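Small disclaimer: the values here were computed from a predicted structure and weren't measured.
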Amino acid sequence: NYLDSPLDSRSLYESALTHVRASRLTDAELIYTPSQIALAAFALVAPELASQWSKSKLRTDLSTPALSVDTLQYQIDLLKSLITSVGCPPDIEAVREVDRRLKLCKNPEKIVGSAAYLAKKAEEEKKAEEKRNKKANEAAAKEKDPFDQESGKVTLGLVDYDDDDDE
């Protein structure tokens, strides 16, 4: 029996966990449910025990449509072959090559601290300063002195103080 000692059950668990980790390197997570992946990993370590467990969980009532043992076993076999054939770590040099390519695809203007980022921030600050100066100049131009000091004339506003209609 597989589970005679705690040491055996611990080693079975560790072996199954290794297969689960290997499944993460495949597209199994996109195709199968987590419980199916766990069962396949367990079936790779202890096939008889996994088969007994899956048979105990399936319904035996034939009046309702249910997953059959054969269908489940077929799916688990497909998943086991996927894990064992594709679930190996990639070559380090291949990973480095992909990493180099990804660095080339990065937008240097979005990398904090890069020369392009600093140049973009300086340009944005320059534009913001120009906008502030333009706004300040427009506000100063709109604000006129009501007593035109240079010509000596008083600019009339809303009230006409030279009203002769009082007579």
Side-chain angles (χ1 to χ4, degrees), residues 9-45 50 53-54 57 65-67 71-72 74-167:
S9 63
R10 185 70 183 167
S11 66
L12 286 175
Y13 171 76
E14 292 297 327
S15 298
L17 193 57
T18 302
H19 291 297
V20 169
R21 289 184 183 126
S23 75
R24 302 288 316 263
L25 301 173
T26 68
D27 56 353
E29 293 177 335
L30 303 173
I31 301 170
Y32 299 98
T33 63
S35 59
Q36 289 173 325
I37 295 171
L39 181 58
F42 192 58
L44 284 167
V45 175
W53 182 86
S54 61
K57 296 298 175 181
L67 184 65
T71 306
L72 179 62
Y74 175 72
Q75 291 296 320
I76 297 302
D77 288 341
L78 286 175
L79 184 51
K80 286 180 357 185
S81 66
L82 178 67
I83 292 171
T84 55
S85 65
V86 183
C88 57
D91 179 40
I92 292 294
E93 284 305 314
V95 171
R96 287 185 180 142
E97 179 61 29
V98 169
D99 191 42
R100 279 187 220 113
R101 289 180 185 176
L102 286 174
K103 282 185 181 180
L104 291 175
C105 296
K106 287 183 181 177
N107 184 353
E109 292 181 344
K110 294 185 178 183
I111 300 173
V112 177
S114 68
Y117 177 83
L118 296 174
K120 182 180 177 187
K121 286 296 177 187
E123 180 67 28
E124 288 174 356
E125 183 61 34
K126 181 181 173 185
K127 286 181 180 179
E129 183 66 29
E130 288 174 0
K131 187 176 178 181
R132 285 191 296 270
N133 289 339
K134 182 181 175 184
K135 191 174 183 178
N137 290 339
E138 288 175 359
K142 285 183 181 177
E143 188 178 300
K144 293 183 181 178
D145 187 11
F147 302 100
D148 193 2
Q149 298 293 332
E150 295 174 8
S151 65
K153 297 180 183 177
V154 176
T155 306
L156 296 179
L158 295 175
V159 179
D160 185 8
Y161 293 107
D162 190 24
D163 192 11
D164 293 333
D165 292 342
D166 294 339
E167 300 174 31

Q. So does K80 pair up with D77, basic N to acidic O under 4.0 Å?
A. yes
Q) Checking S114 side chain against P108 main chain: does a donor-acceptor pair fall under 3.5 Å? A) yes
Q. Looking at R100 and E97, does any basic side-chain N land under 4.0 Å from a carboxylate oxygen?
A. yes
Q | Separation between CG of L78 and CD1 of I31, rounded to the nearest 0.5 Å | A | 9.5 Å
Q) What's the shortest heavy-atom distance between A50 and F42, and which atoms? A) CB-CD2, 3.7 Å
Q | Distance, nearest 0.5 Å, that separates CZ of R132 from CD of E130 | A | 10.5 Å
**Q.** For the student: nearest non-hydrogen atoms of Q36 and L79, plus distance
**A.** O-CD2, 3.3 Å
Q | Side chain proximity check, I111 to Y117, heavy atoms < 4.5 angstrom | A | no
Q. Ion pair present between K135 and E138, side-chain N to carboxylate O less than 4.0 angstrom?
A. no
(Q) Looking at every non-hydrogen atom in both residues, tell me the closest pair between A41 and A16 and how far apart they are. (A) CB-O, 3.4 Å
(Q) Would you say that K127 contacts E124 through its side chain, given a criterion of any heavy-atom pair below 4.5 Å between the two side chains? (A) no
Q) Name the one of L25, D27, T26 that satisfies side-chain contact (heavy atoms from CB on, under 4.5 Å) with V86? A) T26
Q | Heavy-atom closest pair, residues G113 and L118 | A | O-CD1, 4.0 Å
Q. Could R10 and E14 be called an ion pair, given the rule that one side-chain N must be under 4.0 Å from one carboxylate O?
A. yes
Q) Taking side chain as C-beta onward, heavy atoms only, is L39 less than 4.5 Å from L72? A) yes
Q. Which heavy atom in I76 sits nearest to a heavy atom in A40, and how many Å separate them?
A. CG2-CA, 3.8 Å
Q: Start with the C-alpha distance between K131 and K134, add both sets of side-chain angles, then the distance that settles side-chain contact (heavy atoms from CB on, under 4.5 Å), and finish with yes or no.
A: CA-CA 5 Å; K131 187 176 178 181; K134 182 181 175 184; 5.7 Å; no
